[in-house]
Amino acid sequence: MGFSTDAIHAGQNPDPTTGALITPVYLTSTYEQEELGKHKGYEYGRTQNPTREALEKNIAALEKANHGIAFASGLAATHALMSLLKAGDHVIVSNNVYGGTYRLFEQNLTDFGLLYSWVDTSNLKNVESAIIENTKMIFVETPTNPMLVLTDLKGISEIVKKNNLISVCDNTFMSPYFQNPLDWGIDIILHSTTKYINGHSDAVGGMLATSNEEYYERLRYIQNASGGVPSPFDCWLVLRATKTLAVRMKQHQENAIAFADWLVKTGTAKKVIYPGLKEHPQHELAKKQMRGFGGMVSADFGSIDKAKMVLNNVKVFTLAESLGGVESLICHPASMTHASVPKEEREKFGLTNSLVRFSVGIEDVGDLIADVKSTL
Ligand code: P1T
C-alpha cells in the first residue's frame with residue numbers, strides 16, 4: 001500500500017461490537033478475566049491497550065517496520081532504548097542531538113555506567129575510529145536538531161554490521177513521510193511523536209520501531225517493565241493525526257523551501273541552513289537518503305541582538321519549545337532546547353547564541369515571510 005493509504009488505515013479496523021469506523025479510546029486500566037488464566041489477550045492497562053496497539057501498528061507500517069513500541073514521550077522511548085544496554089557499554093552518538101537527549105545520556109545515564117562518545121557522525125571515518133572494545137550502539141540523529149547535519153545511514157549500517165553493534169536513528173525531523181531509516185539497514189528507529197507525527201501540538205509521545213525480533217521482544221518487555229507508556233487518549237490523538245501526515249509534510253516542505261529561499265535571497269540572515277538548499281554541504285546525501293527536506297530551517301543572524309529582534313517581535317511565529325506542529329514556532333536553541341549542552345560543546349558544531357530555529361508551519365507562507373520581515 002502507498003504511504004497515505006497505510007497512514008489512514010494501517011492498524012485500524014471498524015470496532016467489531018458496533019462497527020464504529022474510528023478506533024475507540026479504550027479508557028480502562030484493567031480487563032476482566034473469564035476464569036483463572038483465561039483472558040482475551042488483555043490483562044492490565046500498562047501491559048496492553050487496544051488504542052495503543054492500533055497506533056503502534058500504524059506507525060510501524062509507515063516506517064516499514066514489523067513492530068512499533070509506544071512511549072509517553074520521545075525521551076521515555078530513548079530511556080527505554082538505553083535499557084537494551086548494561087553498565088560498561090559504550091555508545092557512539094552524533095555530537096549534535098536534541099539537548100534533552102544529550103542531558104539524558106551525559107547527565108543521567110553515565111551515573112549507571114553507560115559511556116558515551118560524542119562524534120561528528122557526518123564523517124564516517126570519525127565513527128569507525130571511535131569504536132572501542134565495549135562499543136555496543138551507534139545512535140544518530142539525522143538531520144540533527146538544530147544544525148540540520150546529515151549522517152549517511154547506509155554507511156552507518158555497514159559499520160554496524162561489520163562490528164556487530166546496534167544502529168539507532170532518531171527520525172523525528174523527517175518523519176516517516178520523508179525518510180525510512182530501515183530502508184538503509186538501520187536496526188531501530190526513534191521518534192518523538194510530539195513533533196510532525198502528531199503535528200497539532202496537543203500531545204507528547206514517543207515511538208520505537210524495528211523489524212529485529214530480538215530487539216523487539218526486549219523492548220516490549222522493557223515497555224511493560226519500566227512502564228513509560230502513553231495514555232490511550234494521547235494514542236488516539238496521534239492515530240488521528242497520522243491520517244494527514246502526508247499532506248501536512250508536503251505543505252511544511254513547500255513553505256520551508258519558500259521561506260529558506262527568501263532568507264537566502266534577501267540576505268536577511270548571515271547563514272541559512274536547510275537540507276533542500278543547494279548550498280547545504282550535504283544536499284546530495286539529502287536527495288539520496290530522504291524523499292524530501294522537511295520543514296525545519298535554522299538561521300544564524302550574526303549577532304544575538306539581531307536574533308533577539310526576530311525572536312521577540314514575531315507575531316505569526318510563536319516563541320516556544322517544540323516543533324513539527326501545523327503552527328509555526330520559533331526558538332533560540334542556545335538558551336532553550338539545547339541549554340543543557342555546555343557552551344564550548346555547542347559552539348564546536350556551530351550552535352551559536354545568534355542561531356534561530358524556525359519550525360515552518362502550514363500557514364500561508366507569505367504571512368510567515370512578512371512576519372519575520374516586519375521584525376527587522
Ligand atoms: O519531547 P519529547 O517527546 O520527549 O522528545 C524528545 C526529542 C527527541 N528527539 C528529537 C529530535 C527531538 O527534537 C526531541 C524533542 N525536541 C524538542 C522539544 C525541541 O524543541 O527540539
Side-chain angles (χ1 to χ4, degrees), residues 55 59 63 68-82 91 93-109 121 139-151 153 168-176 178-179 181 186 188-209 226 228-231 234-235 237-238 241 252 273 275 290 294-298 311 317-325 327-341 346 349 351 355-361:
L55 176 65
I59 295 182
E63 281 293 9
I69 311 113
F71 293 90
S73 68
L75 281 180
T78 312
H79 190 272
L81 172 78
M82 288 297 140
V91 184
V93 196
S94 304
N95 59 350
N96 168 211
V97 290
Y98 166 56
T101 307
Y102 175 89
R103 182 179 54 199
L104 172 67
F105 290 176
E106 201 55 37
Q107 295 164 17
N108 184 348
L109 295 180
T121 54
F139 181 107
V140 300
E141 193 177 285
T142 179
T144 64
N145 176 0
M147 302 311 297
L148 301 163
V149 171
L150 274 65
T151 292
L153 291 174
V168 180
C169 174
D170 185 331
N171 196 26
T172 299
F173 264 39
M174 279 302 110
S175 90
F178 283 134
Q179 179 167 269
I186 294 294
I188 304 172
I189 297 168
L190 169 80
H191 279 288
S192 166
T193 57
T194 317
K195 310 299 178 317
Y196 288 107
I197 288 182
N198 183 49
H200 293 74
S201 311
D202 53 11
V204 171
M207 185 71 67
L208 298 173
S226 63
V229 292
S231 76
D234 282 354
C235 292
L237 283 173
V238 182
H252 278 294
I273 312 167
M290 315 186 322
M296 298 302 296
V297 177
S298 291
L311 287 156
F317 278 91
T318 303
L319 176 61
E321 306 252 359
S322 203
L323 60 104
E327 45 293 281
S328 293
L329 301 182
I330 190 169
C331 133
H332 183 240
S335 66
M336 294 168 72
T337 53
H338 291 71
S340 313
V341 184
R346 292 200 295 265
F349 53 82
L351 204 174
L355 189 88
V356 173
R357 188 188 75 181
F358 297 91
S359 172
V360 180

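Source: prediction; values computed, not measured. Numbers here are sequence positions counted from 1. Numbering of ligands and ligand atoms starts at 1, following listing order.
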Item to complete: Pick one of side chain, backbone, both or neither for how R357 approaches ligand 1, counting any non-hydrogen atom pair under 4.0 Å.
Response: side chain
Worksheet item: Roughly how far, to the nearest 0.5 Å, is CZ of R357 from CE of M336?
Response: 8.0 Å
Item to complete: Assess the pair F139 and F105: is the distance between their ring centroids shorter than 6.0 Å?
Response: yes
Worksheet item: Just by modelled atom types, is the D234 backbone N or O under 3.5 Å from a matching donor or acceptor in the S231 side chain?
Response: yes
Worksheet item: Any idea which atoms of ligand 1 are less than 4.0 Å away from a heavy-atom of D170?
Response: 8 (C), 9 (N), 10 (C), 11 (C)
Response to the item:
atom 19 (C) of ligand 1 sits nearest the protein heavy atom T337 CG2, 3.4 Å
Discussion item. Whether the side chain of S359 engages the backbone of L329 through a donor-acceptor N/O pair (distance < 3.5 Å, no angle test) should be reported.
Written reply: no
Discussion item. Determine whether a donor-acceptor pair (N or O, by modelled atom type, separation under 3.5 Å) exists between the side chain of S298 and the backbone of P146.
Written reply: yes
Fill in: Donor-acceptor pair, side chain of S192 and main chain of G74, under 3.5 angstrom
no
Practice prompt. Kindly identify the option in T194, T193, T142, N145 whose heavy atom sits closest to atom 13 (O) of ligand 1.
Written response: N145
Discussion item. With heavy-atom distances below 4.0 Å as the criterion, list the atoms of ligand 1 near G205.
Written reply: 3 (O)
Item to complete: Please write down residue, atom name and distance for the protein heavy atom closest to atom 14 (C) of ligand 1.
Response: Y98 CD2, 3.4 Å
Worksheet item: Is the backbone of Y196 close enough, under 3.5 Å, to the side chain of H191 for a donor and an acceptor to pair up by distance?
Response: no
Worksheet item: For ligand 1, is there an N or O atom under 3.5 Å from any N or O atom of G74?
Response: yes
Item to complete: Kindly indicate whether the side chain of V341, heavy atoms from C-beta on, has any atom under 4.5 Å from the side chain of L351.
Response: no
Worksheet item: Among protein heavy atoms, which sits nearest to atom 20 (O) of ligand 1, and what does the distance come to when rounded to 0.1 Å?
Response: S322 N, 2.8 Å
Practice prompt. Verify whether one side chain among E141 and T101 offers a donor that lies under 3.5 Å from an acceptor in the other.
Written response: no
Fill in: Geometric N/O contact L75 with ligand 1, under 3.5 angstrom
yes
Worksheet item: If you measure from each non-hydrogen atom of M336 to ligand 1, which part falls under 4.0 Å: side chain, backbone, both or neither?
Response: neither
Response to the item:
Under 4.0 Å from one or more heavy atoms of S192, ligand 1 contributes atoms 2 (P), 3 (O), 5 (O), 7 (C), 8 (C)
Fill in: Atom indices of ligand 1, in the order listed, that fall short of 4.0 Å to a heavy atom of T172
9 (N), 10 (C), 11 (C)
Response to the item:
Per-atom filter on ligand 1: closer than 4.0 angstrom to a heavy atom of K195 are 1 (O), 5 (O), 14 (C), 15 (C), 16 (N), 17 (C), 18 (C)
